[in-house]
Protein chains: 2
Amino acid sequence: MNNAKILREFPKGKHKHSACINDAMKTAEATCQERGIRLTAIRRRVLELVWASHEPVKAYDVLDTLRSERDSAAPPTVYRALEFLLDEGLVHKIESLNAYIGCGEPGHTDAGQFLICSDCGDVAELDDPELVKMIAEKASQIGFSIEQQLVEVTGFCAQCAPAS
Amino acid sequence: MNNAKILREFPKGKHKHSACINDAMKTAEATCQERGIRLTAIRRRVLELVWASHEPVKAYDVLDTLRSERDSAAPPTVYRALEFLLDEGLVHKIESLNAYIGCGEPGHTDAGQFLICSDCGDVAELDDPELVKMIAEKASQIGFSIEQQLVEVTGFCAQCAPAS
DNA sequence: AAGCGTAATGTTATAATATAACATCTTTTC
DNA sequence: GAAAAGATGTTATATTATAACATTACGCTT
């Protein structure tokens, strides 16, 4: 049995990233519409910049780009936008890298499983209920009740796997 | 079945923390002896300070204390000691808090499962092979080979669980 | 459309976390 | 005891993130 969803894949050979970004932006627009919240110009642009690659993006890299486009950009500009996007589940923070990645399926802000390739730097995201459940059970065995789960795994993606 | 080891417990009612630190220091001494590496005065003191509570400790808090004891203490003093201790598995870094906790059973630097209580701030550490295995399997299903696993769970420990 | 309240952004400053680079001192080894 | 390796001292700076307050834009009510 495996009912895991892959929320974000490692890019394949013929990956057209522009389409990937495009999808993400469409989804974000729709999500914000539904929720009655505002995807302002700054927030939209920060989201685009986070989606610019499959690698996690640093806040100050976003800021550098933003500065070249908008005189008033400053750290709070970026961190506020990121906070909004994190709250809405449109991006996630990779804690072990202090960097941010886009999320293709907004909503779940309380659990995420990230696979980080040490070679190419790309990140995949899973949503595996079986794993979430096991973690919750293990915790509950010692009387711990979970609010949020974070799983960050480092290693090699299929393309970068060391020749064996 | 549950063969999980609890590497670090939430302190119980009658918890004598001085004994707890003492054990940890003894283990650290022995471990370094065995491995032929040097637990210098600075490293020993930093380890003690990290063990000072069951809550994760910030590098600059360690530094503040160290400064009051040793004129030459500076950020590199602490970060170098922490790096050594991390490499040897004597402490772990909680990535989601940028803070450090002692580890009672040195050795495994490639997997850790941490339970972080949002109320009291204390952290427990598990070593659950079943969970490690499941994560490895999930990853391998998409061709990902794991080098390191990080699980950080936030919620409420038994003592702090909200009255239900 | 004017006015009001809220939300978002602008702006300046600073806090918190971490590392680089090179000098000096200590320990181990031969 | 000299050389090599390891640890610490020292100064400077990089990186990541937030505080605090001013101003502007938006969305709603009348």
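The sequence lines fix the lettering, A, B, ..., with proteins before strands; numbering per chain opens at 1.
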OP1, OP2 of dA16(C) versus side-chain N and O of K58(B): anything below 4.0 Å?
no
Stacking between Y79(A) and dT18(D), defined as ring centres under 5.5 angstrom apart with planes under 30°, is that present or not?
no
Rounded to whole angstrom units, what separation is found between the CZ atom of R35(B) and the C1' atom of dG6(D)?
18 Å
For the side chain of K93(A), counting heavy atoms from C-beta on, which of dT19(C), dA7(C), dA17(D) is nearest?
dA17(D)
T40(B) side chain, from C-beta outward: closest of dG9(D), dA7(D), dG10(C):
dA7(D)
Just N and O in the side chain of N98(A): are any of them under 4.0 Å from OP1 or OP2 of dA17(D)?
yes
For residues F114(A) and H92(A), establish whether the separation of their ring centroids is below 6.0 Å.
yes
Mind calculating the distance between CD (Q33(A)) and P (dG27(D)) to the nearest angstrom?
12 Å
Checking side-chain polar atoms at under 3.5 Å, does E95(B) have a donor or acceptor matched by the opposite partner on S96(A)?
no
Tell me: CD1 of I42(A) to C1' of dT11(C), nearest whole Å?
13 Å
Report, as yes or no, whether the 6.0 Å neighbourhood of atom CD on E147(B) holds more than 12 heavy atoms from other residues, nucleotides or ligands.
yes
Taking atom C1' of dG27(D) as reference, at what distance in whole Å does atom CZ of R38(A) sit?
8 Å
For E48(B), is there an ion pair with R45(B) - N to carboxylate O distance below 4.0 angstrom?
yes
Return the value, rounded to whole Å, for the distance between atom CD1 of I94(A) and atom C1' of dT16(D).
16 Å
Any cation-pi pair here, R8(B) with W51(B), using under 6.0 Å and within 45°?
yes
If I take atom CZ in residue R70(B) and atom P in nucleotide dT10(D), what distance separates them, rounded to the nearest angstrom?
11 Å
Would you mind classifying the nucleic acid contact of R43(A) as base, sugar-phosphate or nothing, using non-hydrogen atoms under 4.0 angstrom?
sugar-phosphate
Ring stacking, Y60(A) with base of dT16(D), under 5.5 Å and under 30°?
yes
What's the closest nucleotide to the R80(B) side chain, out of dC26(D), dT8(D), dA18(C)?
dT8(D)
In whole Å, what is the span from the CG atom of L85(B) to the P atom of dT8(D)?
10 Å
Proximal nucleotide (of dG10(C), dT18(D), dT11(D)) relative to the P76(A) side chain
dT18(D)
Separation of R67(A) atom CZ from dT12(C) atom C1', in whole Å?
12 Å
